Amino acid sequence: MIEEKFDAIVVGAGMAGNAAALTLAQRGLKVLQLERGEYSGSKNVQGAILYADMLEKLIPDFRDDAPLERHLVEQRFWMMDDNSHVGLHYRSDDFNEERPNRYTIIRAQFDKWFSSKVQQAGALLICETTVSELLMDGDRVVGVSTDRLGGSVYADIVILADGVNSVLARKAGFRPELDPGDVALAVKEIHFLPQETVESRFNVSGDAGVVIEMMGKITQGMMGTGFLYTNRESITVGVGCMLSDFKKQKVSPCQLLEDMKAHPAIRPLLEGGEMKEYAAHLIPEGGYNAIPRIHGDGWMIAGDSGMFVNAVHREGSNLAMTSGRLAAETVLELRAADKPCTARNLALYRHKLDASFVMKDMKKYRHMPGILHRNPQFFTTYPELVNQAARTMLHVDGEDKKSKEQQVRKNFTSRRSLFGLMGDAYKMWRAFE
Ligand SMILES: Cc1cc2nc3c(=O)[nH]c(=O)nc-3n(C[C@H](O)[C@H](O)[C@H](O)COP(=O)(O)OP(=O)(O)OC[C@H]3O[C@@H](n4cnc5c(N)ncnc54)[C@H](O)[C@@H]3O)c2cc1C
């Protein structure tokens, strides 16, 4: 039973929780971090691309010993039809820089390493302990109770970095119930292959790697995307769609992934691999308009719990790390000014987030979720039309090119009408505005 009072309690040892606990402990605060999993990372699921810049701000020399898989030199984007795809592809030798910007990682290993840094900085991490309740004194959060420690633990501030479900924030009324239209359900597998096979299949060597992002028919009319990442000796493959769409269409996520893996563009990339890991997880994809209240008397919310995910660019871990760090820096600044962690003073956290890329990017894409929800043609009709156009133009059969162009145009207008095409172009502009 812990009787002491801490300067800060951090709930969760994922990206946001580790960033917050590390920042606070590095500055000498007495930090208690509680994690329900057996160890940091044991419950965490991610694709996973790690964005170096945000980690560098916390651990500048992370490249010395972090378990990194491959640095990314190539990004592909595929628009999928049933048996074909049209792709964009960017590869640059500039990405072979001394301090690469993006890496693939395996979360269970990475989080364990991240957590070791947090503990070395002096935070007390207790695993296999679920925080069951926030302790209140009136409207103010003063501590937590758990399923294991027996009794209550108190602190000046509680940072909720407990991930997308954030049962605690919901129970306390800080956040509404999760709307199935605001979360994606993603499933992923890791397929193990010899390192040489991964490298020859993707035309890379050393620790260089490739990412493929996919959209179109693979999600069977649902709003979502697929992904494939190269690790050192494995390939991660997965797909995620809005939970509301899964409910409506009654498609099983496992079947969706099986069908996607059978696509002629994907099957050969996985051939001969041994599947050793399967995981499913929610991703908060409701965007800016779904962000709940993120601070109040004695509490702040960071990471997925605050819905900080930029689904367009598949960024979440970097927003989690940044919001965790900014929450911690807010506490440090208030303490330096001898100010308590009241809701009014913690508004500084919101200001810091607003001034950072986190809120700027979330705001930029605020129209995206609504537009995509209402316009399934972006996941069905357009990928089909674009693939058909490519097929028509590339098939050499004696028909002249002008007639082929006319056929492509006719195909587009017969499926969406001129007015529909113009409307869709406007919607896309607005979504990316
Ligand atoms: C399939 C998939 C692919 C993704 N791909 C990418 C990608 O490529 N790049 C990227 O940047 N992002 C990606 N994301 C998003 C990214 O994983 C998340 O944004 C990020 O992990 C959020 O970190 P977090 O710390 O907020 O939450 P989490 O990492 O979920 O951590 C929350 C922690 O809190 C613990 N916890 C929860 N409740 C309690 C409680 N009551 N008591 C104690 N502990 C508790 C959990 O066990 C967990 O360890 C992906 C997500 C998924 C699901």
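The analysis underlying the following values was restricted to heavy atoms, covering all of them including side chains, and did not include hydrogens, waters or symmetry mates. Everything numeric in this text was worked out from a predicted model, so none of it was measured. Each ligand, and each atom within it, is numbered from 1 in the order the structure gives.
- Among Ser305, Pro284, Gly12, Ala161, the residue whose heavy atom sits closest to atom 32 (C) of ligand 1 is Ala161.
- Remark: ligand 1 atoms within the under-4.0 Å shell around heavy atoms of Tyr229 are 8 (O).
- Short contacts between ligand 1 and Ile283, defined as distances under 4.0 Å to a heavy atom of the residue, involve ligand atoms 2 (C), 51 (C), 52 (C), 53 (C).
- Under the 6.0 Å distance and 45° angle rule, Lys112 counts as a cation-pi partner of Tyr39.
- Of all the atoms in ligand 1, the ones that sit under 4.0 Å from a non-hydrogen atom of Val11 are 40 (C), 42 (N), 43 (C).
- Considering Ser166, Ala320, Ser317 only, the shortest heavy-atom separation from atom 11 (O) of ligand 1 involves Ser317.
- Salt bridge annotation for Lys248-Asp245: present, with a cationic side-chain nitrogen under 4.0 angstrom from a carboxylate oxygen.
- Using a cutoff of 4.0 Å between basic side-chain nitrogens and carboxylate oxygens, Glu329 and Arg325 are scored as salt-bridged.
- Residue pairs meeting the salt bridge (charged side-chain N to carboxylate O under 4.0 Å, His left out) criterion with at least one member in residues 371-389, sequence neighbours excluded, are Lys217-Glu384, Glu384-Arg415.
- Listed by number with element, the atoms of ligand 1 under 4.0 Å from a non-hydrogen atom of Ala186 are 1 (C).
- With sequence neighbours left out, the salt bridge (Lys or Arg N to Asp or Glu O under 4.0 Å) criterion links Lys30 to Glu4.
- One option in Asn318, Asp162, Val10, Asp304 has a heavy atom closer to atom 26 (O) of ligand 1 than any other, and that option is Asp304.
- Heavy-atom contacts from other residues, nucleotides or ligands closer than 6.0 Å to CZ of Arg27 number 12 or fewer.
- For ligand 1 and Gly163, the ligand atoms under 4.0 Å from any heavy atom of the residue are 27 (O), 30 (O), 32 (C).
- Shown in contact with Gly303 at under 4.0 Å from a heavy atom are these atoms of ligand 1, numbered in order with element: 26 (O).
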Next item on the list: Could you go through the salt bridge (charged side-chain N to carboxylate O under 4.0 Å, His left out) check for Asp147 and Arg36 one step at a time?
Entry: CA-CA 9 Å; Asp147 65 344; Arg36 71 187 163 135; over 6 Å; no

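- Listed by number with element, the atoms of ligand 1 under 4.0 angstrom from any heavy atom of Ala48 are 8 (O).
- Every atom of ligand 1 is numbered from 1 in the order shown, and the set under 4.0 Å from a heavy atom of Val309 is 19 (O).
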